[in-house]
Amino acid sequence: MASLVQKQLFKVLFTFFLLVLLFSDTAFSSRKTLDQKKPCKHFSFYFHDILYDGDNVANATSAAIVSPPGLGNFKFGKFVIFDDPITMDKNYLSKPLARAQGFYFYDMKSDFNAWFCYTLVFNSTEYKGTLNIMGADLMMEPTRDLSVVGGTGDFFMARGIATFVTDIFQGAKYFRVKMDIKLYECY
């Protein structure tokens, strides 16, 4: 009798184990796959930055907080905080559809290179929410990819790539970057 109960218990446990394996495999196989050739959202914006130089309080959108002297010719150690307008076209005076709020710092002694961390804050009729972007901006490269690491609102939990292309650079006073944003995870 005890042997029969043990066999029945073994059959029930074995069946339960097989069912767990079957359903866990189904859960793993139903994960969303990412198609890098086809983003779920794609748009292009222009990022305008005017660095405060002591005389342009009304127009400045960024300020150097730390700028150590004598660390080479590539601004190494310079730390800049910004609140820059984001427009659909190249015109700085166009109505902004977002603000880029964050910071960058120069982190290479042998070439121009900056590390960016910022949030695009949207409050237009077209988009609501935020996108968080961070990564290295290798300024001497024609295109640079930064990571989109999250978002809120219309961009809840978004992930993707923001490709930078320098559109214009006027020394330390002004630069404009075209951002081509491709989101591969959209909810």
NZ/NE/NH1/NH2 to OD/OE distance under 4.0 Å, R99 and D84: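 So R99 does not pair with D84 through a salt bridge.
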Got a salt bridge between R144 and D137, using NZ or NE/NH1/NH2 to carboxylate O under 4.0 Å? yes
Between the side chains of H48 and T61, is a donor N or O closer than 3.5 angstrom to an acceptor N or O? no
Quiz question: by atom type and distance under 3.5 Å, do the side chains of T119 and T130 form a donor-acceptor pair? no
Calculate, to the nearest 0.5 Å, the distance between atoms CE and CG belonging to M139 and D111 respectively. 10.0 Å
If you round to the nearest 0.5 Å, how far is CH2 of W115 from CG of L146?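 Output value for this atom pair is 9.0 Å.
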Assess the residue pair N132 and T152 against the criterion (side chain to side chain contact (heavy atoms under 4.5 Å, CB included)); give the C-alpha distance rounded to whole Å, side-chain angles, the decisive distance to 0.1 Å, and a yes or no. CA-CA 9 Å; N132 300 314; T152 64; 5.8 Å; no
Partners passing salt bridge (Lys or Arg N to Asp or Glu O under 4.0 Å) against K173 (at least two apart in sequence or in another chain): D53
Over 60° means perpendicular and under 30° means parallel, so classify the ring planes of Y104 and F82, tilted if in between. tilted
Considering residues, nucleotides and ligands other than [X], do more than 12 of their heavy atoms fall under 6.0 Å from its [atom1]?
X	atom1	result
F156	CZ	no
M157	CE	no
K178	NZ	no

Quick check, are the ring centers of [X] and [Y] under 6.0 angstrom apart?
X	Y	value
F103	F79	yes
Y174	F169	no
F155	Y127	yes
F45	F47	no

Shared ILVMFWY cluster between L120 and V149, side chains joined below 4.5 angstrom? no
Might you point out which heavy atoms bring [X] and [Y] nearest each other, and give the distance in Å?
X	Y	answer
L97	T87	CD2-C, 3.8 Å
I181	A162	CG1-CB, 4.1 Å
P85	Y92	CG-CE1, 3.5 Å
L51	N56	O-ND2, 3.1 Å
K182	P39	CB-CB, 4.0 Å
Y118	A100	CD1-CB, 3.9 Å

Applying side chain to side chain contact (heavy atoms under 4.5 Å, CB included), run through R159 and V148 and close with a yes or a no. CA-CA 5 Å; R159 291 194 316 175; V148 176; 5.7 Å; no
Please assess K75 against F112 for the test side chain to side chain contact (heavy atoms under 4.5 Å, CB included), listing each intermediate value before the final yes or no. CA-CA 7 Å; K75 302 181 186 180; F112 288 106; 4.2 Å; yes
Can any side-chain N or O of S67 pair as donor or acceptor with the backbone N or O of A64 at less than 3.5 Å? no
Both conditions, 6.0 Å and 45 degrees, for the charged tip of K128 above the ring of F122: are they met here? no
